[in-house]
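First the structure, in the form of structure tokens, and then the observations on it.
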Protein chains: 2
Amino acid sequence: MNTKQQIVELSADMLRSSGFGGFSYLDISRKLGITKASVHHHYPKKQDLGLALCEWAHEWLQQGFEHFDEHGTSSWNKLERYLRAALKHSLGDQKMCPISAFYNDLAKLSQPMKEALIALDDYELDWIEKVMLQGMESGDFHRQEDPRALAALFIFSCKGALYYGRLHGKDLFHQTMKQFEHLIKT
Amino acid sequence: MNTKQQIVELSADMLRSSGFGGFSYLDISRKLGITKASVHHHYPKKQDLGLALCEWAHEWLQQGFEHFDEHGTSSWNKLERYLRAALKHSLGDQKMCPISAFYNDLAKLSQPMKEALIALDDYELDWIEKVMLQGMESGDFHRQEDPRALAALFIFSCKGALYYGRLHGKDLFHQTMKQFEHLIKT
DNA sequence: GTCTATAAATGGATAGAC
DNA sequence: GTCTATCCATTTATAGAC
């Protein structure tokens with residue numbers, strides 16, 4: 001893997017640990033055994049790295065969704081796989097999802113990064129909404145007037161539980177999502 | 001108001017705008033017209049200020065809950081008042097709730113601050129859970145096995161919607177909480 | 001309680017040699 | 001592509017005079 005790719009992969013890891021403002025070019029250089037100046041050669045401004053990380057996050061989501069679509073045996077099973085992956089990648093090793101990580105430093109993001117972040121959110125909401133609609137069609141979920149609001153409710157519950165779970169433990173996550181399941185399943 | 005109180009009040013404002021790591025002693029000193037050294041005299045380490053801010057947040061929550069309990073005409077109305085206040089203090093003037101603001105910089109908080117934060121979360125969850133129980137008793141809400149999980153679902157939905165709402169607008173907040181209302185009310 | 005002065009570290013960024 | 005060297009601003013924190 002070339003240096004440029006290594007920088008993105010490593011940054012993605014630190015992004016999910018500490019947020020976009022939580023790691024520096026010095027951190028990157030030290031862990032890769034190169035100098036700060038070399039990192040700047042590949043990504044002159046940190047905003048450039050930020051946009052590359054948004055692309056990385058998009059592919060990260062895309063791969064997950066394709067996998068859940070392919071292996072999910074029902075609408076709820078697809079959501080269950082989403083939750084299992086979220087739990088493993090978050091509380092499992094004390095990291096955030098990349099989207100939450102960007103929101104952490106929202107006030108300091110440039111306008112292009114904010115737009116990329118909105119697109120990321122919509123991409124995730126689109127997938128959840130699609131699964132919710134499938135679940136209503138198949139009769140697995142109670143019919144709702146506003147499937148996108150239901151998708152938002154699901155995402156916020158999941159991410160909030162992961163966010164708080166870093167301090168309160170994973171039981172809170174399991175109990176919260178079990179409550180959600182109980183409310184929407186027929 | 002004496003200097004020490006002014007420091008806490010001003011810090012609380014900046015905390016909700018930018019998170020705990022998002023403001024500095026220089027910011028405080030400039031806005032109060034004193035020097036950094038004077039700020040350090042009142043709160044030697046930033047962690048000392050952080051603990052004072054946790055106390056401030058506790059009183060902030062306490063006053064809100066007392067107000068909602070006193071004026072709420074039903075269980076749902078109490079939650080509605082909570083939501084209205086949250087919306088006003090968050091998307092209204094582009095601020096976060098103090099708890100979310102601390103979570104923003106979770107990785108950098110000292111252990112005593114993390115413990116204070118857990119206590120804050122529990123205090124908020126306790127109040128919501130109590131209202132959920134009242135609503136079930138009175139028949140306003142569907143009965144649930146785990147009222148604390150329902151309280152967590154409510155809080156995460158609300159805070160997530162506020163968090164995302166900073167980029168996606170307040171409609172997302174209204175739609176999400178309307179969906180929650182629809183799922184729990186009889 | 002407030003000030004001046006200062007320290008040591010970090011963060012983002014650039015110029016220019018190899 | 002990588003390095004050395006450097007710049008400038010910021011952040012937390014302390015010592016000591018008034």
Side-chain angles (χ1 to χ4, degrees), chain A residues 1-54 56 101-102 104-114 116-117, chain B residues 1-54 56 101-102 104-114 116-117:
Chain A
M1 189 160 50
N2 64 37
T3 305
K4 195 161 185 173
Q5 287 172 315
Q6 280 183 296
I7 291 172
V8 171
E9 293 291 329
L10 175 62
S11 297
D13 189 70
M14 293 194 290
L15 170 74
R16 300 203 300 124
S17 293
S18 328
F20 186 62
F23 68 93
S24 68
Y25 274 33
L26 182 63
D27 295 325
I28 299 171
S29 68
R30 276 207 269 243
K31 297 207 186 192
L32 291 185
I34 56 179
T35 60
K36 274 199 301 176
S38 299
V39 183
H40 277 286
H41 172 259
H42 295 286
Y43 296 102
K45 317 267 178 184
K46 203 179 179 189
Q47 189 205 146
D48 301 321
L49 177 56
L51 289 173
L53 284 170
C54 287
W56 175 89
F102 279 122
N104 252 11
D105 295 275
L106 190 58
K108 290 170 197 153
L109 301 186
S110 64
Q111 194 54 36
M113 283 199 62
K114 286 183 184 172
L117 191 47
Chain B
M1 191 161 49
N2 65 36
T3 305
K4 195 162 184 171
Q5 288 172 313
Q6 281 183 296
I7 291 173
V8 172
E9 293 290 330
L10 175 62
S11 298
D13 189 69
M14 294 193 290
L15 170 73
R16 299 204 299 125
S17 294
S18 329
F20 186 62
F23 68 94
S24 69
Y25 274 33
L26 182 62
D27 295 324
I28 299 170
S29 68
R30 276 209 269 245
K31 298 206 187 193
L32 290 184
I34 57 177
T35 60
K36 280 193 299 178
S38 298
V39 183
H40 277 286
H41 172 259
H42 295 285
Y43 296 102
K45 317 266 178 185
K46 203 178 178 188
Q47 187 205 148
D48 301 321
L49 177 55
L51 289 173
L53 284 171
C54 287
W56 174 90
F102 280 122
N104 251 12
D105 296 274
L106 189 59
K108 290 171 196 151
L109 301 185
S110 64
Q111 194 55 36
M113 283 198 62
K114 285 183 185 174
L117 191 47

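Order of the sequence lines sets the chain letters (A, B, ...), proteins ahead of strands, with each chain counted from 1.
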Exercise. Who pairs with B:K31 by side chain to side chain contact (heavy atoms under 4.5 Å, CB included), at least two apart in sequence or on another chain?
Worked result: B:L10, B:M14

Exercise. Is there side-chain contact between A:K108 and A:F20, with at least one heavy-atom pair below 4.5 Å?
Worked result: no

For this session: Would you kindly give the CG-to-C1' distance between B:L49 and D:dT11, to the nearest whole Å?
Result: 14 Å

For this session: Look up atom SG in A:C54 and atom CG in A:L109, then write down how far apart they are to the nearest 0.5 Å.
Result: 8.0 Å

Exercise. For A:L106 and A:L117, what are the C-alpha separation, side-chain angles and deciding distance, and is it a side-chain contact (heavy atoms from CB on, under 4.5 Å)?
Worked result: CA-CA 10 Å; A:L106 190 58; A:L117 191 47; 4.2 Å; yes

For this session: Establish, yes or no, whether the cationic atom of B:K4 lies under 6.0 Å from the six-membered ring centre of B:Y43 and within 45° of the ring axis.
Result: yes

Exercise. At their closest point, which heavy atom of B:H41 faces which heavy atom of B:P44, and how far apart are they?
Worked result: O-CD, 4.4 Å

Exercise. Given Watson-Crick or G-U pairs with both distances under 3.5 Å, what dot-bracket string fits DNA chain D, with | for other-strand pairs and [ ] for crossing?
Worked result: ||||||||||||||||||

Problem set entry | Reported CG-to-CD distance for the pair A:L53 and A:E9, which is rounded to 0.5 angstrom | 9.5 Å

Exercise. Taking protein heavy atoms under 4.0 Å as touching, what does nucleotides 3-16 of chain C look like 5' to 3' if B marks base contact, S marks sugar-phosphate-only contact and - marks none?
Worked result: BB------SBBBB-

Exercise. Between atom NZ in A:K4 and atom C1' in D:dT2, what is the gap in whole Å?
Worked result: 15 Å

Problem set entry | Worked verdict on B:L49 versus B:S11 for side-chain contact (heavy atoms from CB on, under 4.5 Å) | CA-CA 8 Å; B:L49 177 55; B:S11 298; 3.6 Å; yes

